[in-house]
Amino acid sequence: MRAALYYGPGDVRLEDIPEPDPTPGTVKVRSLHNGLCGTDLHQYFVGPMSPAPLPTVVGHEFSGEVVDVGRDVTSVAVGELVAIEPLWPCGTCAPCVDGDPNLCWEVLCHGLGGPGGGLSEFTVVREHMAHRLPEGLGPDHGALVEPMSVAYRAVLRAEPRPGDAAVVFGGGPIGIGAYLALGALGVDDVTVVEPAAERRAAVGALGAARVLDPAATDVVAEVRDRTKGAGARVVVDAAGVPASFTAALGVASTKARVVTVAAYMEPVTYNPTDVMMRELEIVSSFSYNGEFDAVIEHMAAGRYPTDGWVERVPFDEQLTAYDRLHRGEAIKLMIDL
Ligand SMILES: [Zn+2]
Ligand SMILES: [Zn+2]
């Protein structure tokens with residue numbers, strides 16, 4: 001079967017590898033759509049995300065059709081469309097025992113050093129990793145469930161309430177996902193901050209009433225103005241740069257929750273006194289832990305439009321996707337298998 005294999009920085013090859021068979025408790029999936037994200041870019045341009053021997057199969061954001069099931073599998077059946085939750089937690093370390101498999105010390109991820117990946121014709125995952133998609137949702141939405149769950153969890157970590165004012169920094173896939181999650185959870189007063197014009201346009205086309213360019217606008221003053229000085233109680237930093245973090249603290253109301261859901265490439269400085277005087281909570285959100293089915297439900301209810309920010313790329317042209325994403329020429333590229 002055809003697969004995209006990662007051999008090292010700048011070296012992904014489309015090759016033939018043996019087709020896997022399901023074992024007890026696992027399901028075999030024909031991959032249909034697989035999205036690429038910043039983590040894939042990091043792996044491609046910088047280096048492997050795990051110590052697994054190379055090559056490894058690429059692809060952790062994917063959907064597929066169940067084509068075979070191992071013994072004892074009861075929750076999904078052959079022919080069903082599924083979204084894959086790609087984590088393989090160890091199940092025995094302290095975080096796993098505490099119910100935090102996303103923080104597992106030994107976690108493997110399908111497509112990032114785990115046993116297989118979404119960018120192969122077929123792959124085998126544990127039964128609980130396959131989430132059935134309801135009628136009306138296609139493989140394109142299915143492949144978005146993983147990144148949208150990252151963003152959904154980040155928003156949940158802010159404990160949003162209807163009526164809250166919210167600010168999201170970053171208009172990439174996770175920022176867009178946070179904007180859509182806030183809407184799904186009944187928070188309508190959302191400001192998105194994004195420096196790239198194409199991304200601002202895409203977020204605006206999704207219905208965001210206020211999309212600010214931080215290069216042209218004093219974001220903190222603008223948000224304070226709009227909220228009669230109070231600031232936003234929900235703040236999500238999906239941009240991950242010192243300027244966004246600083247502005248995130250600046251727009252936060254008293255007792256706000258500021259959620260970081262980005263890989264910061266450099267340290268940030270702030271004065272804890274500013275945080276203390278408003279009793280701010282800076283919390284972080286990593287990966288997902290139980291958000292898949294809620295996201296799928298919101299998708300089925302039509303709360304995750306894909307127009308204007310998700311673009312399909314044929315399997316054979318996937319190697320061009322890395323440079324296009326790196327140059328900022330696309331927001332979310334979905335490899336169509
Ligand atoms: Zn990803
Ligand atoms: Zn573990």
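Atoms within each ligand, like the ligands themselves, are counted from 1 in listed order.
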Tally of protein N/O/S atoms under 2.8 Å from the Zn ion (ligand 1)? 3
Do Arg324 and Glu317 meet the salt-bridge criterion of a basic N to acidic O distance under 4.0 Å? no
Assess, by modelled atom type and distance only, whether the side chains of His60 and Thr39 contain a donor and an acceptor separated by less than 3.5 Å. no
Nearest 10°: the angle subtended at the Zn ion (ligand 2) by Cys93 SG and Cys96 SG? 110°
Have a look at the Zn ion (ligand 2) and estimate, to 10 degrees, the angle subtended by SG (Cys90) and SG (Cys104). 110°
What do you reckon, are the aromatic ring centroids of Tyr152 and His298 less than 6.0 Å apart? yes
Check: Val12 and Tyr6 side chains under 4.5 Å, non-hydrogen atoms: yes
Heavy-atom side-chain contact between Leu144 and Tyr304 under 4.5 Å: no
Tested for side chain to side chain contact (heavy atoms under 4.5 Å, CB included) against Val29, the lone hit among Thr26, Leu32, Val27 is Val27
Could you tell me the separation between the CD atom of Glu281 and the CD atom of Glu279, rounded to the nearest 0.5 Å? 8.5 Å
